[in-house]
Structure formats: structure tokens, C-alpha cells
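Written below as C-alpha cells is the structure these notes are about.
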Amino acid sequence: MGWNATDYAANAGFVPALGAPALELLAPRAGEAILDLGCGDGVLTKRLAESGAEVLGVDSSGPMLAAARALGLKVEVADGQALPFDARFDAVFSNAALHWMPRQRAVAGGVFRALKPGGRYVGECGGFMNIAAIRTALRAVLKAHGYSPESGGGQTYLTAEAFTHIHEAAGFEAVEARIIARPTPLPTGIRGWLKTFRAGFLDEAGVPEAARARIVEEIEALLEPVLNDGAGNWKADYVRLRWQAKKPL
Ligand code: BEZ
């Protein structure tokens, strides 16, 4: 999916802002080597670095990495499903990134290898039933217009049980994962959200530019009774999967 850092800041600035609980769970300490997996535009990575930890951010998006570099952060391009690190980090942190990575076993294995013995893995991403109403509306409207949207929408939303199973199989211990419903205010409504997060999905479904405004209008109309509070305020039906786990000593 192609990312635009300016759009992201306008339509999805809540993503790093709402990463605070996961950051607290990590409790970064000065001097620790920490990998931020899927650092995006670096807004939350900067908060991580302010703890005094030595932070490296990785992401697969060039435009997002450019925004992170502009904040003075140390970042590299990397595929989270093929991490190239070996026993290098005291902790790996990740916010709102894992659901973009379908090969979850490969991610877990790469994080395990990247950690030093005793290292911790803490993070949060979309969990089972995430944005269920939005996904349903999107698929219904695309189907009504004759497109065949991919059923998963390109993301992976694990249950806590599946996450635990994958990570125990990768070698982690003390895996604690839980699902948290977190209705999330959308500052630019469902239209802003769709622009930032679903342009790639519409590309993949083959929707031409000329048809998009109508499709977005129909999705908005379908979701309005469910996700709009009647006073013009939109909330997305986000569900988070939050976890912590340890690599054995
Ligand atoms: C999420 O953070 O859960 C998410 C964001 C955009 C698209 C899909 C999921």
C-alpha cells in the first residue's frame, strides 16, 4: 500500500497518539537498544527515543521513512516479515503495524532472532474483528458496483489465542496477549480515513478514479447510522490486540 506522510498526519494522527498505552507497557529505559518495527512517520518512535533509549525504526514505506528521518530519527527500510537482525536489541516495539504483515510466523521468528536473550517484545495492532463495520460496508458497496474485493482487505487481524500460539511456537515465553475494543474518533471523518487507508484497496479492486467519489459517498451513507454520533462526529470500530512477550535467557 502506498503511503502519503502528509495525508497520514492529517487523517491518522491518532495512530501514534493512541500508541501511548503500549509504550507505557514497554517502559523503555535509557541506554537500551530498541527496534521500532513498522515505525511509519516516526511520531511515536520519537517518543520512544525521548526515553534515552537507542532506537532504530524500520518500515517498508520510503515516504514514511523520509518523514521519520526529517524528525532526526535513525531509520532503515526493512520488511517486517524478513527482519535482518541477530541478537541486537533489548526490546522490540511495534504499534499499528503487524496487521499489514500477512506472514505472521515470519514476523515472530524475525523478532525473536532480533532480540538478545531476555529481551522483550511489546506492541499493539489491529485485532480480531477490527473495523468490522467499515470492512463490511466497503465490501458491500464494491460488490454492488461489480468489483470483487479481496475478502480480508489485505490485513491480518489475529485473536489473542492465535497470536499467543504463533509466538510460543517461535520460542517466546510469558506471552500475554489481549483484545481491547477501542472506538476511535476520526478527526476527518470516514472520508479522511478511507483516503489514507483504503486508496490502495480501491486500486487493487480496480476501481477507476472517476468512480471513487460515488463509492466513498455510498460507504459513508451506509456507515453513518452506525459510526456517526448524529452530531457529525465519526468513530471507527477499532479493536486492538496488545501483547507483551519475552525471549528466554
Ligand atoms: C488499524 O490500525 O487497525 C488499521 C488502520 C488502517 C487500516 C486498517 C487497520
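Just so you know, ligand 1 is whichever comes first in the structure, and atom 1 is the first atom listed for that ligand.
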Handout entry: Residue W193 vicinity, atoms of ligand 1 by number, heavy atom under 4.0 Å
Key = 6 (C), 7 (C)

Exercise for the section: Name all pairs fulfilling the salt bridge (charged side-chain N to carboxylate O under 4.0 Å, His left out) condition that reach into residues 215-237, sequence neighbours left out, sorted by first residue then second. Expected result: R191-E220, R214-E218

Handout entry: Residue N130 vicinity, atoms of ligand 1 by number, heavy atom under 4.0 Å
Key = 1 (C), 3 (O), 9 (C)

Exercise for the section: Go through the structure and list residues passing side chain to side chain donor-acceptor pair (under 3.5 Å) with Q81, not counting sequence neighbours. Expected result: D79

Handout entry: Over 12 non-hydrogen atoms of neighbours within 6.0 angstrom of NZ in K116
Key = yes

Problem - Linked, directly or transitively: Y121 and L25 (ILVMFWY side chains, under 4.5 Å) - result: no

Problem - Crowding at OH, Y147 (>12 non-hydrogen neighbours, <6.0 Å) - result: yes

Problem - Atoms in ligand 1 with a heavy atom of Q155 nearer than 4.0 Å - result: 8 (C)

Practice task
Using distance alone, decide if ligand 1 has a nitrogen or oxygen within less than 3.5 Å of any nitrogen or oxygen in R240.
Solution key: yes

Practice task
Pull out every atom of ligand 1 sitting under 4.0 Å from any heavy atom of Y157, numbered as shown with elements.
Solution key: 8 (C), 9 (C)

Handout entry: Side chain, backbone, both or neither: W100 near ligand 1, heavy atoms under 4.0 Å
Key = side chain

Exercise for the section: Please identify which atoms of ligand 1 are closer than 4.0 Å to at least one heavy atom of I131. Expected result: 8 (C)

Problem - Co-membership, hydrophobic cluster, residues V111 and V122, 4.5 Å side-chain - result: no

